[in-house]
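We name chains A, B, ... by the order of the sequence lines, and we start the count at 1 in each one. Quick note: numbers below take in every heavy atom, side chains included, and nothing from hydrogens, waters or symmetry partners.
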Amino acid sequence: KNQVEQSPQSLIILEGKNCTLQCNYTVSPFSNLRWYKQDTGRGPVSLTIMTFSENTKSNGRYTATLDADTKQSSLHITASQLSDSASYICVVKERGASKIIFGSGTRLSIRP
Amino acid sequence: DAGVTQSPTHLIKTRGQQVTLRCSPKSGHDTVSWYQQALGQGPQFIFQYYEEEERQRGNFPDRFSGHQFPNYSSELNVNALLLGDSALYLCASSLRVSGVQDRTGELFFGEGSRLTVL
């Protein structure tokens, strides 16, 4: 069964600190992996998309990595800000199909 | 460039009632997908519409139905509401090219409709 699992489930860090969120997937065949940021009560917004051949992709203070061999991805947030408080959702697309699979998300809270 | 718009943003219903949620896709998009997101969970796929037909369906009962109009907008209908239907309902639009969904599968989400069933 194709699955996407994220860890930790929740995380609290102080403003200005860095953090790393993890995503493990079993989706096969793999097409791409996307990280979304979802503010409370709002729709998800795409942060990065990575295909099989890409190892790292950055979007400002957000850097995503992908290891297609171990089927793992991480999202690293540098110099966190209060506005980074949100849920971060890992989404994996199956190659050759329109099916995409969502993780349950990591809820990140930034404390001043 | 108009993004995905959903209405209403919030609504309250009682058990057994019916509800209709509406979605207008991002300009240029022709495919609409609906998701249910319970509090603290990731979105769960309900179904997808393309060319006014339901193309894929997730593990949801027949109480959940939908429709897509010629202008690509879509409705989600839920009958015989249950307490467990309380959730944020998200609409996402994407683009199919020549009958095959855009390779990236990029989804653009609306802000959602928050449904509370009492």
Is it the case that over 12 heavy atoms from other parts of the model lie below 6.0 angstrom from the CG atom of B/Leu39? no
In Å, rounded to the nearest 0.5 Å, how long is the span from CD of B/Gln37 to OG of A/Ser104? 9.5 Å
Winner by heavy-atom pair count (cut-off under 4.5 Å) against chain A, out of B/Pro43, B/Gly110, B/Gly58, B/Gly40: B/Pro43
same_hphob_cluster(A/Leu14, A/Leu108) at 4.5 Å side-chain heavy-atom cutoff: no
Which atom pair, heavy atoms only, marks the closest approach of B/Leu90 to A/Pro44? CD1-CD, 3.8 Å
For the atom pair CZ (B/Phe109) and CD1 (A/Ile89), what is the distance rounded to the nearest 0.5 Å? 7.5 Å
If one checks every heavy atom of A/Arg42 against chain B at 4.5 Å, the contacting part turns out to be both
Step through the shown structure and confirm whether more than 12 heavy atoms of other residues, nucleotides or ligands are within 6.0 Å of CG on B/Asn59. no
In terms of heavy-atom contacts, does OH of B/Tyr72 have more than 12 from other residues, nucleotides or ligands at under 6.0 Å? no
Counting heavy atoms not belonging to B/Gln44, are there more than 12 under 6.0 Å from its CD? no
Taking the ring of A/Phe102 and the ring of B/Phe45, is the distance between their centroids below 6.0 Å? no
How many angstroms lie between CZ in B/Phe108 and OG in A/Ser46, if you round to the nearest 0.5 Å? 7.5 Å
Do side-chain atoms of B/Glu111 reach the backbone of A/Gly43 as a donor and acceptor pair under 3.5 angstrom? yes
If you compare all heavy atoms of B/Leu107 against all heavy atoms of A/Tyr36, which two are closest, and at what distance to 0.1 Å? O-OH, 3.2 Å
Interchain contact, A/Gln38 with chain B, by part (heavy-atom threshold 4.5 Å): side chain
More than 12 heavy atoms of other groups within 6.0 Å of B/Phe69 CZ: yes
Return yes when atom CZ of B/Arg15 has more than 12 non-hydrogen atoms of other residues, nucleotides or ligands closer than 6.0 Å, and no otherwise. no
